[in-house]
J.: 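What follows is a structure written as structure tokens; I'll ask about it next.
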Amino acid sequence: GEGKTFDEIVASATGAGRFEITDGTLGGVELAEFAALSGAPGVRDPAAGSGNIPFNALSGSVTLSDAALNSDDLHIAGKTFEASLTAKLNLATSSIRARGTLEIERARNPRERRSVPFMVGGSWAGPVLLPDFERLLQGYSDDEKVAPPADESSLARHEAQERELR
């Protein structure tokens with residue numbers, strides 16, 4: 001990008017790339033707690049109680065344009081779960097909007113998996129992970145593997161509802 005200020009450089013920057021991160025940890029959320037909140041209790045979470053989600057691989061492709069990183073093929077996999085999602089990270093506002101599907105093993109039968117649709121909103125410093133109640137209520141099917149594109153109005157509506165509950 002070109003410009004004299006950070007905002008000008010970010011607004012004019014463009015590009016594309018692919019990444020893969022192995023053996024990492026996402027902090028601030030636990031799989032079992034999240035699954036239970038989504039109405040899917042009884043899943044296997046080897047890191048229960050740690051406040052973290054250890055993963056084996058995190059990968060995807062990204063494009064940069066209009067001050068935002070966009071991806072429609074993010075994938076994360078751990079010992080007992082996989083998740084696919086679409087995401088938009090706004091570089092100018094440090095906000096995040098994402099939508100995905102978590103597939104996680106059941107505690108009683110690891111050969112069975114629970115599908116949990118979810119959304120992520122908020123800021124990079126304080127992301128908010130919520131079940132995607134809209135997809136749950138619309139009869140979300142267990143065989144749906146690919147998340148639909150992130151929808152700004154749907155995520156904003158859910159974030160407003162979450163704020164009202166606090």
Side-chain angles (χ1 to χ4, degrees), residues 1-31 33-35 37-38 47 50-104 115-138 140 144-166:
E2 296 181 17
K4 294 180 182 180
T5 67
F6 176 76
D7 290 342
E8 290 174 351
I9 294 169
V10 167
S12 65
T14 60
R18 179 146 185 80
F19 70 92
E20 184 170 336
I21 301 169
T22 58
D23 301 321
T25 302
L26 297 174
V29 68
E30 292 189 24
L31 290 173
E33 285 181 4
F34 178 70
L37 179 64
S38 304
S50 71
N52 295 312
I53 300 174
F55 63 85
N56 300 333
L58 170 63
S59 63
S61 58
V62 294
T63 58
L64 171 61
S65 64
D66 301 321
L69 285 171
N70 293 283
S71 179
D72 61 2
D73 66 349
L74 295 176
H75 185 79
I76 184 169
K79 185 175 180 178
T80 63
F81 75 95
E82 291 184 48
S84 298
L85 61 152
T86 61
K88 178 178 182 174
L89 298 149
N90 188 308
L91 301 175
T93 63
S94 299
S95 65
I96 182 171
R97 298 281 184 268
R99 202 169 200 179
T101 302
L102 170 68
E103 298 283 334
I104 187 166
S115 293
V116 181
F118 66 92
M119 300 184 317
V120 182
S123 68
W124 301 352
V128 177
L129 177 65
L130 295 170
D132 188 341
F133 293 113
E134 185 174 358
R135 283 195 289 158
L136 285 168
L137 293 173
Q138 289 175 351
Y140 178 81
E144 182 181 352
K145 301 293 182 200
V146 179
D151 176 282
E152 296 279 337
S153 64
S154 177
L155 289 168
R157 220 176 23 255
H158 288 290
E159 287 175 346
Q161 290 170 349
E162 178 70 14
R163 281 191 299 275
E164 288 176 14
L165 293 174
R166 289 183 193 159

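The chain is numbered in sequence order, starting from 1. Small disclaimer: the values here were computed from a predicted structure and weren't measured.
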J.: Do you know which two heavy atoms are closest between L91 and W124, and how far apart they sit?
T.: CD2-CH2, 3.4 Å
J.: For the residue pair S61 and S71, what are the closest heavy atoms and their distance?
T.: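 Closest approach of S61 to S71: O-OG, 2.6 Å.
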J.: Under the criterion side-chain contact (heavy atoms from CB on, under 4.5 Å), which of D72, D73, N70 is the partner of T86?
T.: D72
J.: Taking all non-hydrogen atoms of both residues into account, name the closest pair between V120 and P127 and its distance.
T.: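 Answer, listing the atom of V120 first, then P127: CG1-CB, 4.1 Å.
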J.: Would L89 and V62 count as a side chain to side chain contact (heavy atoms under 4.5 Å, CB included) if you check the C-alpha gap in whole Å, the side-chain angles of each, and the deciding distance to 0.1 Å?
T.: CA-CA 10 Å; L89 298 149; V62 294; over 6 Å; no
J.: Indicate yes or no: at least one non-hydrogen side-chain atom of T14 is less than 4.5 angstrom from one of L64.
T.: no
J.: With side chains defined as the heavy atoms from C-beta onward, is the minimum distance between E134 and M119 less than 4.5 Å?
T.: no
J.: Please name the pair of heavy atoms, one in A98 and one in L85, separated by the smallest distance, quoted to 0.1 Å.
T.: CB-CD1, 3.9 Å
J.: Would you indicate whether D66, at its atom CG, is surrounded by more than 12 heavy atoms from other residues, nucleotides or ligands within a distance under 6.0 Å?
T.: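 At most 12 heavy atoms, drawn from other residues, nucleotides or ligands, come within 6.0 Å of this atom.
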J.: How many angstroms lie between CG in L58 and CG in L26, if you round to the nearest 0.5 Å?
T.: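 Going from CG on L58 over to CG on L26, the span is 7.0 Å.
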J.: Measuring from T63:OG1 to L69:CG, what's the distance to the nearest 0.5 Å?
T.: 7.5 Å
J.: Donor-acceptor check, side chain of R18 to backbone of G60, threshold 3.5 angstrom: yes or no?
T.: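 Yes, because the side chain of R18 sits within donor-acceptor range (under 3.5 Å) of the backbone of G60.
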J.: For residues L74 and F19, report the shortest heavy-atom separation together with the two atoms involved.
T.: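 Minimum heavy-atom separation between L74 and F19: CD2-CZ, 3.6 Å.
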J.: Side chains of T101 and S84: closer than 4.5 Å at any heavy-atom pair?
T.: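 Counting from C-beta outward, T101 and S84 never come under 4.5 Å.
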J.: Flag the pair E20 / T22 as yes when at least one side-chain heavy-atom distance between them is below 4.5 Å, and no otherwise.
T.: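 Yes, their side chains come closer than 4.5 Å.
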J.: Return the CG to CD1 distance between L102 and I53, rounded to the nearest 0.5 Å.
T.: 7.5 Å
J.: How close do G121 and R97 get, heavy atom to heavy atom, and via which atoms?
T.: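 Smallest interatomic distance, heavy atoms only, reads CA-NH1, 3.9 Å.
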J.: Just by distance, no angles: are the side chains of N90 and S95 close enough, under 3.5 Å, to form a donor-acceptor pair?
T.: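 Checked: N90/S95 side chains show no N/O donor-acceptor pair below 3.5 Å.
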